[in-house]
Structures are given as C-alpha cells and as structure tokens.
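Notes for the one structure printed next.
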Amino acid sequence: MKLKHLVHCNRTYTLFEQSLWLADFFSIFLLPQFNMASYHFNSIEKNWQKFWAEHQTFKADNNSELPKYYVLDMFPYPSGAGLHVGHPLGYIASDIVSRYKRHKGYNVLHPMGYDSFGLPAEQYAIQTGQHPAITTEENIKRYRQQLDNIGFSFDWSREVRTTDAQYYHWTQWIFIQLFNAWYNKVSDKAEPISELIKKFETTGNANVNAVCDETKTFTANDWNAFTEKEQQGILLNYRLAYLSDTMVNWCPELGTVLANDEVKDGVSERGGYPVERKLMSQWSLRIAAYAERLLQGLDTLDWTESIKEAQRNWIGKSEGTSLRFALAQTDASIEVFTTRPDTIFGVSFLTLAPEHELVVQITTDACKAAVENYVTISKNRSERDRMADVKTISGEFTGAYAIHPFTKALIPIWIGDYVLAGYGTGAVMAVPAHDSRDYAFAKHFNLPIPQVVEGGDINVESYDAKEGLLINSDFLNGLEVKAAIKKAIEKIETVGLGKGKTNYRLRNAIFGRQRYWGEPIPVYYKEGVPYVVEEKDLPIALPEVDKFLPTETGEPPLARAQNWNYNGHAFETTTMPGWAGSSWYYLRYMDPNNANEMVGNAAVNYWQNIDLYVGGSEHAVGHLLYARFWCKFLKDISTVPFEEPFKKLVNQGMIQGTICTTYIYSYQNGLNEIFKCAISSELHAQLKSGNSEVANNLMAAQIGSSIADCQYVNEVNVPFEFFAAAAFEDFEGLKKWLNNTGNSVTHLIVGTDSKFQVKMETGKMSKRWHNVVNPDDICTQYGADTLRMYEMFLGPLQDAKPWSTQGIEGVHRFLKKAWRLFHNNTNEDFVLSDEAVNKAELKTLHKTIKKATEDIENFSFNTSVSAFMVCVNELQDLKCNKREILEPFLILLSPYAPHICEELWHLCGHSESIEKATWPVFNPGFLVENEFNYPISFNGKVRFNLNFALDMEPAEVEKAVLADEQTIKYLEGKTPKKIIVVKGRIVNVVI
RNA sequence: GCGGAUGUGGCGUAAUUGGUAGCCGUGCCAGACUUAGGAUCUGGUGCCGAAAGGCGUGGGGGUUCGAGUCCCUUCAUCCGCACCA
C-alpha cells in the first residue's frame, strides 16, 4: 500500500524573511518555474540561523555525563578587511566535525572569539586618531555578521576577546606567575620564586641548579647582606619573566621590538620594514628553560610532520661538548662549544664573534686598529645586510694565540662575523677540513687545513660527513667518528677541560612591545627595581592617552598616560606582544565568565586539552610554540592537568586567488617610471574585451591605489631614451636592463597603444592584489550551504587551492537535487513516503553512511561530498522518496549543509533540531553481494569481465575462466604458465 | 645548502591501501522538454586510431602474476629554515 504524506510548513516569518519571500514571489513572474516549494536558500538559512540562536542549540554544558570533545579554530584577528572565502575553510571543516560529534553523542565545545589586540588597529589609530577599541569593535561586528552568515555551530555564549579587561586580567595574572617562578633543573619544572629565596637565605646559590643567566656564586650570608635592590637584581636572573639588557630586533618603522619569529629575512613580518639589532632593557620570558620538554612533547602529538619539523628546527637541539682553550699570553681562557670533539686535532684556529667579550682584552696592539675597525663595521651592519652577505667572507686576526689542549701547539685567534654571538659561547674551534664554513674562512685567509677524518678530497671542499676513520689524531686514531666523539668527550671531561653539553638554538622570547594596543604588563618600579602588582589589583587597565605615538623622548605610548601609577610608583610602559593573549585563550573558553580564576578546576578537568585544532601552518613556530610553553608552565603550577594543549592539529591549505599583474609606465617629473601593478580579474576581462570606459574607471581606482601604496610598488626609474629605443617591444631587453639596475623583475608586460599584457598567477588572496572574494557574496548568490559544501568539495583540506567559481554550480545543483527528492515531480509539494524500503535503496544509504562516517574521521571532506552526490544520483534513479532512507540521509548531510537539512528535517515532521538526531548506524549486511564481476586479465592487462558467485573457490573460478571462449581466444593456443585468482578482486592469467 | 610537501584528463580531483586508473563535479559535444534558458533531464567525453588495437598517473630504472600505490634514481613546483659550530 502506498501512503504519501503531505506535510505543510507551518511557522511565522519575520518581516525580513517576508521581504525575502517577497523577492522570491516576484521572481515567480520572472522565472515561471519557481514556485512556493522551491529551494529558497536565503530565507531558509536566515530562518534556521535565527532558530539556532534563539534555542541556543549549540550551547555546551560544563556539567555533563556525556563524553567531551573540544574542537577549536585558531584565534582570528578581526582585521578591517573582513573575511574572504579562504578564512572559513578551516572553520567549515571544524564545524562539520563538531556537528558530527554531537550526532555521535558527544558534548562538544566549539567556541569562537577574537584575538583583538594588534598592530593594524593601532596603525589606523595613529593615522586617524580613532581609538583602536572603536576600530576593533567595528571589525568584530563585521566578522560576526560574516561568520553568522555561514551558519557555524559556535557556542557564542563563550566568546572571549583578548582586549576585554576581564580577559587580560588573567593574561596579566599568568605574567605574574611567570615573574614569581624559576626553573628548577633538578625537578625539571617551574617552582615558586619564594622557595628559591628560602634556599638563598639558608644555603646561598651554590647548590641551586636553575635555568638562569650567569650569576656569581654567593653564600647565605652574602645573600642576607645584599641590599633589596641587589637581591631583586639577582632574582631577575632566575625569574621566568625577567627584565634584562638584551640584543633585540628593533624595528624603527614600527617603533617596537620584535620576537625572532616576527622577523622574516631580516625585515618585519608585518609590513616588511627593516629590523636592526639593538641592546635594550627588555622583558623576556625564559622559554629556553622548556626547550627539552617542548622538543620531547612533539613526539606525543598528532600533528603534521612538517610543523613538528619546523618546531624541532626552531628549538635546534645539538649535542656536543664545551671545551676550554687556554690563552698563550694571559691567564684567561676561551670556551667553545662543538658537536665534533673528535676533530680536536684538526683545529687550526679559533674564531670569536666580533661581539665576544674577550676581543678587546686579547687583541694585540699591532692588530688593534684593524680589529676595532672590523668590530665597528659588523656592529653597524643591519641584520638584513648580514644575511644577504653570507657568501662574503670577512674576519680579522687578533694577534693572540691559544694553546691546543693536547698538542700544546699555538693556535691563532681570529674574529669573524660568521660566528654568532648569541649561540653557544660565541666562539668556535675551527676545523677547516671538516666544517664547510671554517673551510671557506681558512681558504680565504690562507690558514692550514689539517685533515683528521678519512674521506672526501680536502683540496676541493671540506669533508663534513660524520663517518670515516680518524687520522693524525693521537689517541683517537683509527676510531670511527661516532666512537671518537664519545672517547674525546670522556678525555676532555677527565682532564677537566670541559664537559658534554647540549645546546639549543631556541632563544628566550622578548615579551615587551613599545606599543599602545596591547595588554599592560602588570609591573611597577620602585627605585628602578621592577615589582609585579598584587593579584587583587588586577586587571591593570589600559590607560587612555592623548596620542597613540611614542613620547617626544622616545618612550612608549603608555608613558603619555596621565596619573597612571601604582600607589605613586610608575608603571611599566611597554605592553605585551600579540601572542600573549592567544597563548592561553583555549582555556578561557572552558570557563569564560569565571571572575575568580582564569579557569575553574572542574571545567578544565572536564574539558581537558583540545581534541582537534584547525588553523593555518603560518603559526608553526610562533603561536603553537608559545601556547605549548605556557601550557607546560601552567601545568607546573598546577593550573591545568595536561602538558600539551593541542592533541591533534590540522592545517588547512590556503585558498588562493588569481593575481593579475601588469607593468605600467608613467612619465612624471621628467622621468619615466615603471610600476608593477596588480589589477582585478574583472579589470583584466574589461581590458581584454576592450570596454575602455569601464576599464578606465577601474584602472584609475586600482592603479591609483597601487601607486599610492608605494610599499608594494616596484618602482624603477628608466631613462626616456631607453623607451625610445625599445619602442615598448623589446620586453626582454627592458627586463634585462631592469635586472641590471638591481631590481629583480621576473615578468614585464608593457604594452603599446595603451594595451596591457597581463600575467596571471595564483597567489594569496589579499586586498593589495584586488582579488578578494567575499563569502557574503557567495552566500547571497548560492547560499551558505552551497558555500560550505563547495569549499569542502574543492579538494583535500590540507592542500592549497586556487579559488574558482567554476564548480560551484555543480554543488548548488546537487542541493537542489537533494531538495527535489523530497518533493513531487512538479516540485510543488513536499512528499515523503512511508513505504517499505528495498535492498537497492538500503545499499545506497548504507554505502553513504559508511563513507560519510569514515571520511569525517579521516578529515577527508571532499570525498564525502562526492559520496553524497553519488547517493542523491542513485536515489533519484531509484525514484526513492522513502522516509526510512531520506531521514538518515539528512542526518549524514546535515554537518555539511545544516540549513537545508534542518528545513527538510522539520518538513519531515520533526519539531526538534536535526542537531539532536543520532548518527545513523552502518550495517554492513546491506552491502553484501553474492556475485562479483571478475576482471579477467592476461599478463596484467584486463581483457573482459566474468560474473561468478563470491563464494566460488579459486580453483573453480580458474576452471570456469579457462573454459570461457574469450579466454581461449586470448590464449592463442598457448598454455598458461600460472593463473592467479584473488577472491572478490581479480583473475590474472600469466602466459 | 638543509628540512617538509606535491606532481594523475582541458580544469578541481578520486582510486577498497599492491588488484578493472580517471569516481564526483566542472568544462566541452550531442539530444529531449521548451516562446526562451543562466531551469531541468538523457547520452557521450583520458590520448592516438575508422576499427581491431595501442599508449597512458613528471622522467628513467627495479621488485611483483599484477605498481598511481613499494624500492632506487632523476626532474619540476610550492612551503619552511638557513653561517646554529
């Protein structure tokens, strides 16, 4: 018996939705095939977004019996440019996982918030005088609207913003804990500084094994006799947050110092401004204390190998030994660090960094002038110059000699800026035969190159490999490198010249920024000594200032604040870096409104660490390393119960845009200038089609902005004569000429007759390239469900892919097809059948359940989209509109396309959100086949197919295949050498 | 230089993990219904070839009955790091 249900949609609509309906209503006249039951994604989506918000459908409960699942997206900075289609890619993936896990019975924490301190808002404030808080608020509003448009299942009741005083209260609190802690190497964890003070008071520092800056040994009596100021000065050498004079990356253009990871290729990551080395008094965090734990922890994480490698590389562990070289002329000695103590007999000179403290002391009078000159030059070189210039070998002889610890030979001491002051001891024992840098130095200055390991050709290049037998090396002769290293360390240790040592490249992180728009550091100064404020006085609110610029005396903007002090004592005027607030935000989401603690015990014990973290790989060594560091510290002080914040990390690939560039020339001020200029693909199309009026308008806007934005303009002055000669045709010649001027020009398109030739390439989507695609536009045109599915359909989540709207129609068509499954032929009425299902329908459904489930577990979202398409195609062929099939299908599809599924789910007669429905259970029984169409191959080449029962034994299959006349044809009278039958797979006949 | 990743139709991609290469979608070709199509539906579409057949997963080699998948080698592109002793 056929039973058809007509279910009518019954609800009230807001004015806004009515107006959307109205628009659809008119479209009926314009497009006659439209009718009331068509897929009106705009009104459907708005309606359910409102429903979810009103019903708090995605609110996570801190008191739940259910297992927890914590899905987090990387903290976004709400930029003024808003979201482009690349941003939501990861959010869509994590949203799908969140919705899936809810269907699977998990209590899911899926929050969102804003990392809202940052440079752009402050730069804007400097330019316009508008308070960054206002800019930030506006940007957040826009972001929120855009996010809401896409239908994410965030629990917005837990939103946090780093700029909220209630939030940075706890960022400041963590700083205070860091200030009040030191790292005990014995227990291998951070401990309260009060414990350390007790040790100093009772036994001095001789028995303290701490991670600290070098400090003199003192007894308890010494300590107790020190003044308060002296004591505090010493404690700063131990605190995990400390003030010290350090070499910093100073960026004059930004007016602030930068952390190492904020500097790329010698220029600032943001803005690309030059960075120089400068000695400044700065707050830093002793992250290096955690180097080994940060390294070891990586092995426990489910992250991509490339990110783990990047962190390992950044931490840069190397094992070796320290070794002291006595000086020939004075009592002093030089300590070096080497990973190749086996090559000790191959040392032919020592090299010190120009900044090395002994340089002045040891340089002989004869060499003084040259050395001083060299030191001055290398000091004044910017980081960028130094990096750009690695090939040039430079150095000076100091005139001094060290004594070889074993041969007692005199070894000349040089200085050279290939030796870094900041790594190891700032001094190396040069073994030119087995280190390419020492080799280049020795060749350049004609120094001896004694070989001590067999292998390679020392006349041509150094032999750096760690294999071979030791020669010319006294007690090491005949040993393999590895054994020799071990023996050399033993010997060095027994004679007391040094000891085995591990070095890390990881530097302590500079924590202060000379900026306004950041968290105030909760520190005040009493007689020049820094103290942290009392916890009860937190938060230290960001004060108002008249201007967001440094003071006339060069102090940070906070120094402008009036009457801003702590009981009459001056506050610290630097603010925290951008990564402070984002290093612990994932904890605040667990308990966002807790006024007494950064996170409550019950909350953090329930939610634990993040099960899935989704974000871009650009945070490989910055955010991800700092957050891990803080997590370990918070574990040490028992605030959190885990060592690692992010168990699984997935990096979404960048969605790229098309970049159209052209070179234009302009004749200004008597000079011809060439500009590299990005144009939108729209302008490109207009130029191509010769629509000069539209093109001219666009061009004025785009080229105008490119030229104004000189940062991105490759500006070259070209003499007019060149143009006259080249007549705009000799592009190669012009390119060559430009390259000779030192400008790297990879492509050059200057057209004649005001026609432009344009180079198309894929690259970052950005305002500067005029290629940003706004997700709002896609939502308006196709709907959020289409956007969500299309972004997933584009390819594997991790891959970078260019945005193109080519395939979006197909995805949209799929949703319309799915919609039609629930409607009758004329698409007028919702029709769902309660008829019994058949085998074919069950097979289609369960195939899809299997695939959809596996794919989400494997983060393979693109393949499940195509599985849904296959499913709908098959159900359409089967003319299936049965409840027993379509309802489970809706649940499968709902994480991807939540709005349409919710709409159809309610049309099916449900009153509760589809979100509450249980994930369908896969039954393999429905996929069982009893026959298989075997491909029959000959020597691996498939020729035809034969149908056999699946329970047929291989021997029988073989017999049947050989009996087949097609087989006889392909055998050409020969006897098969061998026949392979793989049950349910393939038959291969070997002739 | 070191490290990581990726190479498959015109395009985005897929392939039960060693078993029929090209699923799904675009694009293209043809057709149906249409006053119309930027709606919908049907068929075709890796390349060469009239067909039989041959060739095909960046290139070259190997293992195997069988290789996109495993091994060696090489090339190309992208992304990190880069004088770290």
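Quick note on labels: first sequence line is chain A, next is B, and so on, each numbered from 1. This structure is a prediction, so every number in the text was calculated from the model and none was measured.
- Residue contacts for A/Asn873: at a heavy-atom cut-off of 4.0 Å it reaches the sugar-phosphate backbone alone, with no base atom in range.
- Listed pair A/Ser318 / B/A85 meets the phosphate criterion, a side-chain N or O lying under 4.0 Å from OP1 or OP2.
- The side chain of A/Asp417 sits closest to B/C83 out of B/A39, B/C83, B/C81.
- Straight-line distance from the NZ atom of A/Lys941 to the P atom of B/A67: 10 Å, rounded to whole Å.
- Residue A/Arg820 has a polar side-chain atom (N or O) positioned under 4.0 Å from OP1 or OP2 of B/C41.
- For the C1' atoms, the distance linking B/U69 with B/A82 amounts to 34 Å, nearest Å.
- Salt bridge status for A/Lys847 with A/Glu874: present, with a side-chain N to carboxylate O gap under 4.0 Å.
- Two rings, from A/Tyr782 and A/Phe41, have their centers 6.0 Å or more apart.
- B/A32 and B/G37: their P atoms are spaced 13 Å apart (whole Å).
- Distances from the side chain of A/Met869 to the nucleotides B/C24, B/A85, B/U42 place B/C24 closest.
- In this structure, the OH atom of A/Tyr463 is 19 Å from the P atom of B/G1, given to the nearest Å.
- Among B/C65, B/A85, B/U16, the nucleotide with an atom closest to any side-chain atom of A/Arg985 is B/U16.
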Determine, step by step, whether A/Ile393 and A/Phe445 satisfy the side-chain contact (heavy atoms from CB on, under 4.5 Å) criterion, reporting the C-alpha distance in whole Å, the side-chain angles of both residues, the deciding distance to 0.1 Å, and the verdict. CA-CA 9 Å; A/Ile393 292 147; A/Phe445 291 108; 4.1 Å; yes
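- The nearest whole Å value for the distance from the OH atom in A/Tyr504 to the P atom in B/A85 is 13 Å.
- A/Arg312 comes within contact range of no nucleotide atom at all, as no heavy-atom separation falls under 4.0 Å.
- Both distances falling under 3.5 Å, in either a Watson-Crick or a G-U wobble arrangement, occur for no nucleotide opposite B/A15.
- In terms of polar N and O atoms assigned as donor or acceptor, the side chain of A/Asn313 never comes within less than 3.5 Å of the base of B/C81 in a complementary pairing.
- A syn orientation is assigned to B/U17, its glycosidic angle lying within 90° of 0.
- Straight-line distance between the C1' atoms of B/G56 and B/C47: roughly 7 Å, to the nearest whole Å.
- In the set B/A85, B/G54, B/G19, the nucleotide with an atom closest to the side chain of A/Arg943 is B/G54.
- Checking B/A67 for Watson-Crick or G-U wobble geometry (two distances, each under 3.5 Å) identifies no partner in any strand.
- Picking from B/C81, B/A85, B/G53 the nucleotide with the shortest atom distance to the side chain of A/Lys969 gives B/G53.
- In this structure, A/Asn858 places its CG atom 13 Å from P of B/A14, rounding to the nearest Å.
- Here B/U40 sits opposite B/A32 as a Watson-Crick or G-U wobble pair (both hydrogen-bonding atom distances under 3.5 Å).
- Protein atom CH2 of A/Trp414 is 18 Å distant from nucleotide atom C1' of B/C83, rounded to whole Å.
- Looking at heavy-atom distances under 4.0 Å, A/Lys977 makes no contact with the nucleic acid at all.
- Residues A/Asp464 and A/Ser462 have side chains that bring a donor and an acceptor to within less than 3.5 angstrom of each other.
- Against the 90° criterion about 0, the sugar-base torsion of B/G9 places it in the syn range.
- In terms of position along RNA chain B, the nucleotide closest to A/Pro796 lies nearer the 5' end than the nucleotide closest to the other residue of the pair A/Val621 and A/Pro796.
- Counting non-hydrogen atoms under 4.0 angstrom, A/Tyr782 reaches nothing in the nucleic acid.
- Nearest to the side-chain atoms of A/Lys816 among the listed nucleotides B/A39, B/A85, B/U20 stands B/A39.
- Rounded to a whole angstrom, the distance from the P atom of B/C2 to that of B/U8 is 26 Å.
- Nucleotides B/G9 and B/C48 have their P atoms positioned 14 Å apart, rounded to a whole Å.
- Both A/Gly316 and A/Lys850 sit near RNA chain B, but only A/Lys850 has its closest nucleotide nearer the 5' end.
- For A/His404 and A/Phe345, the distance between ring centers is under 6.0 angstrom.
- Of the candidates B/G4, B/C65, B/U20, B/U20 carries the atom nearest the A/Pro935 side chain, counting heavy atoms from C-beta on.
- Nucleotide B/A51 forms a pair with no other nucleotide shown, judged by Watson-Crick or G-U wobble geometry with both contacts under 3.5 Å.
- For B/U16 and B/U20, the C1' atoms lie 13 Å apart once the distance is rounded to whole Å.
- Between A/Phe948 and A/Phe932, the distance separating the two ring centers is not shorter than 6.0 angstrom.
- Remark: B/C83 base-pairs with no nucleotide in the shown strands. Criterion, Watson-Crick or G-U wobble with two distances under 3.5 Å.
- Backbone-only contact: A/Asn862 has heavy atoms under 4.0 Å from sugar-phosphate atoms and none from a base.
- A straight line from CZ of A/Arg813 to C1' of B/G25 spans 9 Å, rounded to a whole angstrom.
- Using a 4.0 Å cut-off between charged side-chain N and carboxylate O, A/Lys801 and A/Asp799 make no salt bridge.
- Contacts of A/Ile980 with the nucleic acid, taken as non-hydrogen atoms under 4.0 Å apart, include base atoms.
- Remark: B/U6 base-pairs with B/A76. Criterion, Watson-Crick or G-U wobble with two distances under 3.5 Å.
- Side-chain atoms of A/Val982 lie closest to B/G19 of the nucleotides B/C24, B/G19, B/G53.
- Atom C1' of B/U57 sits at a distance of 24 Å from the matching atom of B/G44, rounded to the whole Å.
- Which of B/C41, B/U20, B/G66 sits closest to the side chain of A/Asn988 comes down to B/G66.
- Between A/Asn651 atom CG and B/G4 atom C1' there is a gap of 12 Å when expressed in whole angstrom units.
- Summarising the base pairing, B/G27 is matched to B/U45 through a Watson-Crick or G-U wobble pair whose two defining distances lie under 3.5 Å.
- Of the candidate nucleotides B/A14, B/G3, B/G19, B/G3 has the atom nearest to the side chain of A/Glu309.
- Distance noted for atom C1' between B/C71 and B/G18: 13 Å (whole Å).
- Using a 30° and 60° split on the angle between ring planes, A/Phe938 and A/Phe944 fall in the tilted class, from 30° to 60°.
- For A/Lys850, the NZ atom sits in a loose shell: 12 or fewer heavy atoms of surrounding residues, nucleotides or ligands are nearer than 6.0 Å.
- No close placement of the A/Phe861 and A/Phe793 rings is indicated, their centers lying 6.0 Å or farther apart.
- For B/A21, there is no paired base (Watson-Crick or G-U wobble, both distances below 3.5 Å).
- Rounded to whole Å, atom P of B/G12 lies 13 Å from atom CZ of A/Phe793.
- Residue contacts for A/Lys817: at a heavy-atom cut-off of 4.0 Å it reaches the sugar-phosphate backbone alone, with no base atom in range.
- Residue A/Lys801 places no side-chain N or O under 4.0 Å from the OP1 or OP2 atom of B/G12.
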